[in-house]
Protein chains: 2
Amino acid sequence: MGPIREMLSQSDINEQKWRVLRVLDERGPSELTLVAKEACLLLPSLTRIIRAMEDEGLATRATDAGDRRKSIATITEAGRALIVAHMAESNAIFARLEQDFGREKLEQLLDLLDELQTLDLYKP
Amino acid sequence: MGPIREMLSQSDINEQKWRVLRVLDERGPSELTLVAKEACLLLPSLTRIIRAMEDEGLATRATDAGDRRKSIATITEAGRALIVAHMAESNAIFARLEQDFGREKLEQLLDLLDELQTLDLYKP
DNA sequence: GCATAATAGTTAACATGTAAAGTATAAGGA
DNA sequence: TCCTTATACTTTACATGTTAACTATTATGC
């Protein structure tokens with residue numbers, strides 16, 4: 001993810017915020033636990049990140065009406081604009097990776113990682 | 001690597017020190033840049049870790065005679081003893097992973113990751 | 001219903017990662 | 001030889017990850 005980090009460092013955003021933005025954009029308003037899982041973050045990290053993102057106007061939050069323990073995060077227009085601004089470059093980086101590494105291998109790798117992550121190695 | 005971390009947390013050692021110990025054990029006395037590469041650490045991290053390991057008597061250091069910029073790290077008997085003490089459990093964890101995930105898949109995954117890491121995505 | 005447990009997040013304290021600048025030594029070229 | 005560049009770390013400062021303890025709210029068993 002080095003190239004992605006490099007791309008984002010030009011802007012006023014980092015890798016974690018980028019992942020959160022993309023999750024919120026793809027899945028719509030979501031509770032924080034889900035966002036954390038999708039963005040591969042622990043909740044304490046997400047707490048920190050999303051507070052910053054609120055301050056920067058990239059996302060908003062509201063407590064869920066049905067279950068007041070839950071907090072629902074939503075991407076703002078500014079957040080969406082940031083995604084649009086970087087999407088072309090992001091795609092180019094990904095295309096480059098596909099070309100250098102091989103599309104099949106890349107898919108294989110991602111599948112294996114996904115599968116490994118769903119394995120629960122703790123239970124016996 | 002969760003299970004490995006769990007195993008080590010019982011003891012007075014952590015994941016990074018474990019990796020450094022294993023590198024030093026497998027490759028013998030080595031300069032720090034090599035150790036960092038093999039243990040997937042940046043040099044500043046290694047500096048911190050190896051100082052602690054010296055204090056705990058797990059490794060020693062000496063400046064290279066031929067090139068006085070280099071620092072050569074060596075595992076001690078205490079370090080080797082720590083490896084021995086945890087090796088059986090480490091092997092069991094790995095065997096468990098092989099069983100749950102599949103040996104072939106695991107090898108495939110490690111190969112792909114290795115290959116990806118050698119790719120230089122920054123150059124042209 | 002009420003006590004207990006479970007869930008969703010937050011906070012705080014500490015460990016670790018990372019980038020940038022600094023030091024010391026070595027190598028190369030005019 | 002002297003100046004410049006490169007290498008091998010170290011130090012510093014800050015970002016991020018991680019664990020444990022905490023609050024608030026909801027679900028469950030009796």
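Order of the sequence lines sets the chain letters (A, B, ...), proteins ahead of strands, with each chain counted from 1. Just so you know, these numbers come straight off a predicted model, no measurement behind them.
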Counting neighbours of CZ on B:Arg80 that are heavy atoms of other residues, nucleotides or ligands and sit closer than 6.0 Å, is the number greater than 12? yes

A:Arg69 side chain, from C-beta outward: closest of C:dT7, D:dA8, C:dT11: C:dT7

B:Leu41 CG - C:dA19 P separation (whole Å): 14 Å

Can you find a donor-acceptor pair, distance only, under 3.5 Å between A:Arg61 side chain and C:dG9 base? no

I'd like to know if B:Arg68 reaches the base of C:dT25 with its side chain such that a donor and an acceptor end up less than 3.5 angstrom apart. no

For atom CD1 of A:Ile49 and atom C1' of D:dT18, their distance in whole Å: 13 Å

Out of curiosity, does A:Leu112 fall in the hydrophobic cluster containing A:Phe101 (side-chain heavy atoms, cut-off under 4.5 Å, transitive links)? yes

Assign B:Ser45 to base, sugar-phosphate, or nothing according to its heavy-atom contacts below 4.0 angstrom with the strands shown. base

Which one, C:dG9, D:dT11, D:dG17, comes nearest to the side chain of A:Arg48? D:dG17

Common cluster, B:Met53/B:Leu42, ILVMFWY with side-chain heavy-atom separation under 4.5 Å: no

Can you tell me the distance, in whole Å, between the CG atom of A:Asn14 and the P atom of D:dA15? 10 Å

With a cut-off of less than 4.0 Å, is there a side-chain N or O of B:Arg51 near OP1 or OP2 of D:dT11? yes

Give the rounded distance in Å between these two atoms: CZ of A:Arg19 and C1' of D:dT16. 11 Å

Given DNA chain D, 5'-ward residue of the pair B:Ile72 and A:Cys40, judged by closest heavy atom: B:Ile72

Between the side chain of B:Ser71 and the main-chain N/O of B:Thr63, is any donor-acceptor distance below 3.5 Å? no

Let me see the working for A:Leu116 and B:Leu97 under side-chain contact (heavy atoms from CB on, under 4.5 Å), right down to the final yes or no. CA-CA 9 Å; A:Leu116 180 59; B:Leu97 178 61; 3.9 Å; yes

Atom CG of B:Leu43 to atom P of C:dA24: distance rounded to whole Å? 18 Å

Within a reach of under 6.0 Å around CZ of A:Arg103, are more than 12 heavy atoms found that belong to other residues, nucleotides or ligands? no

B:Ile75 pairs by side-chain contact (heavy atoms from CB on, under 4.5 Å) with which of B:Leu82, B:Leu21, B:Thr60? B:Leu21

Considering only heavy atoms, which members of residues 22-38 of chain A lie under 4.0 Å from some atom of DNA chain C? A:Glu31, A:Leu32, A:Thr33

Heavy-atom side-chain contact between B:Val20 and B:Leu41 under 4.5 Å: yes

Any link between A:Leu32 and A:Leu34 through a network of hydrophobic side chains (Ile, Leu, Val, Met, Phe, Trp, Tyr) touching at under 4.5 Å? no

Taking 4.0 Å as the cut-off, does a side-chain nitrogen or oxygen of A:Gln16 come that near to OP1 or OP2 on D:dG17? yes

Between A:Lys70 (NZ) and D:dA27 (C1'), how many Å, whole number? 12 Å

To the nearest 10 degrees, what angle separates the axes at the start and end of the helix from C:dG1-D:dC30 to C:dA30-D:dT1, five pairs each? 30°

Take atom CG of B:Leu46 and atom P of C:dG17, then tell me their distance rounded to the nearest Å. 11 Å

How close do B:Glu98 and B:Leu106 get, heavy atom to heavy atom, and via which atoms? CG-CD2, 3.9 Å

Proximity to the side chain of B:Pro44 - top-ranked nucleotide from D:dT12, D:dC9, C:dA6: D:dT12

Euclidean distance, atom NZ of residue B:Lys17 to atom C1' of C:dA15 [Å, nearest integer]: 11 Å

